[in-house]
Q: 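Pasting a structure here, questions to come.
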Amino acid sequence: MPSAFSMLRKLLKYKLADNSSEEKQAGCRGDAIRQEDSPLLEKRLDLIRKRLGESKDIVIREFSSNNNQVKLAILYVDGLVDRRLINDHIIRPIQSDFVVKNFSHRLAEKNALQLLKKHITSISEVAEAANLTQAIRMMFSGDTALLINGEEKILVYSTRAWDRRAVTEPETEPAVRGSREGFTETLRTNTALLRRRIRHENLRLESMKAGRRTGTDVVLAYINDIVNPLTLEEVRRRIAAIDTDSILESGYIEEFIEDVPFSIFPQLERTERSDKAAAAVLDGRILIMVDNTPHVLIVPTSFFQFIQASEDYYERPYIAVVLRLLRLFVLNIALMLPAVYVAIITFHQEMLPTSLLLSIAAAREGVPFPAVAEALLMEAIFEVLREAGVRLPKTVGQAVSIVGGLVIGDASIRAGLVSPSMVIVVAVTAISTFALPAFNASIALRILRFPLIMLAGMMGLYGVIFGLVIILIHLAGLQSFGVPYLSPLAHGSVSDMLKTFARPFWWMTRRRADELGLQNMKRQAGNMGPRKTPFAKRELTHDNTEEHDAGKR
Amino acid sequence: MLEKGRISPRQTGQLLFITTIATVIFFAPSLIASLAGHDAWLAALLGPMFTLITLLLITWLGRKHPGQTIFQYSETILGKWLGKAVALLYVWGFLHIGAMAVREFGDFMTTSFMSHTPISVFNFSMLLLCAWSVLVGLEVIARMNEFIIILIVSFLLLILFFSLPNWELDYLLPFFARGPLPVLQAALIPAAWHGNIIVLAVILPFMTRPTRAFLAGTAAIFASTTLLTIGVVGMTAIFGPELSSSFLFPLHLFAQTINIGQIITRFESVVMTTWMAGIFIKTSVFYYCAALGLAQVLNLKEVRPVVLPLGIILGTLSISLFQDVTMLGNFLKETRPYYTISLYFLGLPLLLFAVTLIREKIFGVCFGEQTNEA
């Protein structure tokens, strides 16, 4: 198998190499038009117009200062900037009498840059771009470039402001209790949400860029003195190695940096919830935030992350334990129930209690298909319904549920095409899929259901277990950034297992997970268990102090 | 190094436990009962004591030759050709035991579940899975085992627990009716299975802490003996010695007797799941040992080239070794204990042990120390 993988990998590498050479050629063609950059304003603007073409959203505004002694030009992308900021704090101060009054002798084109930067303009964030290309790149992020005649360097002011989606409740991961702030498409908003939750100097937000044409910002968030440095280095290396045209969603990055890209299981966790992301960072994991994506990636992760919900940590621990076991059960149902049903109906009828067998047999009487075909058909129909439900506008959604529930469910039974028991099995499976907190994990289960049903139809229960063992071999071999995918069940410590399957009380969770190899394992002080002081006594002392205070007054 | 993965002492113990319990609890009880009668449980309890000697020998040899498998140190001890012969003998032994395990499973499936399907379907599909897990290595097998062990132990305990209402402890009396000899003879049967601990001689150098090998082995023996004894007691208490000795797969029937409130009935599927998962790990381990051994004897750089040929040999052996279930049962009862124990579990380790001692004490050859310093 690995030899086939390595061949595929070679093929992929070859293709990548191909792309980059095309890219280079395109760059060369661009060079032909490009002329030498010059500090002279007119030539420079000429060059800019040639390079950027006739895009209407790029605004070039020429003006001058200090009685025409200094010629300037301002450059920005309309829609990405706050125009009032530019008008009030860049153009107005430069053109105003204030400059003539205070700087008339000093301000010339030679020293304009430093004076403008330090004394005249009033915007907090300002940078100097060494050349035109850099300035243009920054301009497309919403910055404003100030060109000065005769000056090589370009001043770049941060004036970013565009129409952004407000912070709303995460739609894919709703929770009854817990923060309602979900991540948005704007990277800066997302990092702010994280900062608001972790106000510590060691929270690091490390910027990277990926995607040649999209120039997407990627931020790695971690806590410096907790994270495993080897994992961090590996994440950096893998993201830096991405050489692609475009990164439009965090899913692109996910596929580029996964350990086993061919696997059907997601080896990175993704979340829209800001509280879940903050908790992951505090656990010593690393966040990968991608601009224009509300979905943040978490590495490393393990299979059992997919049965955990952020709410488990806010409600009473007892319910969390019950829910986690339930989710584990539901996960199995979602994966195997139709397959097991087919196997029993086709091969092992003797396993059912007689009365149950009779009622199922009676229901199946007159169904023209074997159980396998019936199951595959119903599962396929369900997948179609679900897909239609996701894609349709909300107003039409009702129609789908009517067609699905009444026509396909009820009518097909009455017509004798499928048996009612099969409909129940498919329905229970479907509900189980929805009960899992992680959508990307349930995708894998949905797909794997079909081969399992086929194996069940061929070899009965043996086939089902055969399929499950194949999945198990695959899972046991998987790793997510050096952490075994089946940990803590495989290769883990007992305390990790306890934390995964039965959420302990907060005052018990003294240590972080062992599996990550962190620098700092201690989470909190040890002596926070149940209070020894009886409640009544404490209240008494409280009253006493109040009286005491009152007496003083 | 052929194997890059490392396994922890806990994982080692679990692997040793599974290689024993996976088959012994399904096959051995009726064989023990046929020899020891009412005292079957005593035989089940005594049998594994033989194994402690094997364990001692293996760990001693492993400590003398750190970082080496039995295939390698047999060469160091006995010289090139004789050592290679012993190593090949062990490769054959692992193949033989592995083939028997696969055959036991195939026979169980064809007799109890799917009588129209040819046995080769089960044997070869099982070996396909095992071959894949051998290719991905020992570490992955150990990780899978950690998952599977929970399944097996909880299912076995569940079966035993649910069958409690059917137990009649009177069947366990009279005590020592046939005298001690049949009990000792019967004790060899579980000992033949517990001797599977010999795989420790292969996986010991791949442990993260080889010093814990003895502890892991003892824990494995203790745990599997306890579980087997409970199983034998349960079987005798439900069917009585005469009836249970006539069954091929007593645990299967055992599960069939479970009936709690008309709802929890027909536990055979659970038995099959357990049995299959256990056999999968057990065969994988033996298959792995055989492949690693052959690769080391032939000085190969990796295991890959020998996996497919060995798989075909295993599959063919598993079908052609025995004509039918009865022959398999007779072999397990009458031949296997003496053959495996005298040769693989005690004979050859004793030989290696003796030659090491003789060469050290009489000829002054130093084992172990050089490798430590080098």
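Chain naming here is simple, since letters A, B, ... match the order of the sequence lines and numbering starts at 1 in each. Values in this document were obtained by computation on a predicted structure and should not be read as measured data.
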Q: Take atom CZ in A:Arg364; do more than 12 heavy atoms of anything else shown fall under 6.0 Å from it?
A: yes
Q: Heavy-atom distance under 4.5 Å to chain A: side chain of B:Ile148, backbone, both or neither?
A: side chain
Q: Roughly how far, to the nearest 0.5 Å, is NE2 of B:His116 from CZ of A:Phe347?
A: 11.0 Å
Q: Go through the structure and list residues passing side-chain hydrogen bond (donor to acceptor under 3.5 Å, both in side chains) with B:Thr20, not counting sequence neighbours.
A: none
Q: Return a table of donor-acceptor pairs under 3.5 angstrom between the side chains of residues 280-292 of chain B and protein atoms on other chains or two or more places apart.
A:
unit_1, atom_1, unit_2, atom_2, d
B:Lys282, NZ, B:Thr23, OG1, 2.8
B:Thr283, OG1, B:Ile279, O, 2.6
B:Ser284, OG, B:Ser133, OG, 2.9
B:Ser284, OG, B:Phe280, O, 2.7
B:Tyr287, OH, B:Val307, O, 2.6
B:Tyr287, OH, B:Gly311, N, 3.1
B:Tyr288, OH, B:Glu3, OE1, 2.6

Q: Checking B:Met126 against chain A: side chain, backbone, both or neither under 4.5 Å from a heavy atom?
A: both
Q: What donor-acceptor contacts under 3.5 angstrom involve side-chain atoms of residues 326-335 of chain A, with partners at least two apart or in another chain?
A:
unit_1, atom_1, unit_2, atom_2, d
A:Arg327, NH1, A:Ile307, O, 2.7
A:Arg327, NH1, A:Asp312, OD2, 3.0
A:Arg327, NH2, A:Asp312, OD1, 3.2
A:Asn332, ND2, A:Leu328, O, 3.2

Q: Please determine, among B:Gly137, B:Ala277, B:Ser125, the option with the most heavy-atom pairs under 4.5 Å with chain A.
A: B:Ser125
Q: Do you know which two heavy atoms are closest between B:Val140 and A:Ala476, and how far apart they sit?
A: CG1-CB, 3.6 Å
Q: Supply the atom-to-atom distance B:Met144 CE to A:Leu486 CG, rounded to the nearest 0.5 angstrom.
A: 9.5 Å
Q: Are there residues of residues 446-470 of chain A that reach to under 4.5 Å of chain B by heavy atoms, and which ones?
A: A:Met459, A:Gly460, A:Leu461, A:Tyr462, A:Ile465, A:Phe466, A:Val469, A:Ile470
Q: Using non-hydrogen atoms only, which part of B:Ile149 is less than 4.5 Å away from chain A: side chain, backbone, both, or neither?
A: neither
Q: With chain B, which of A:Ile344, A:Val340, A:Leu472, A:Leu475 has the greatest number of heavy-atom pairs at distances under 4.5 Å?
A: A:Leu472
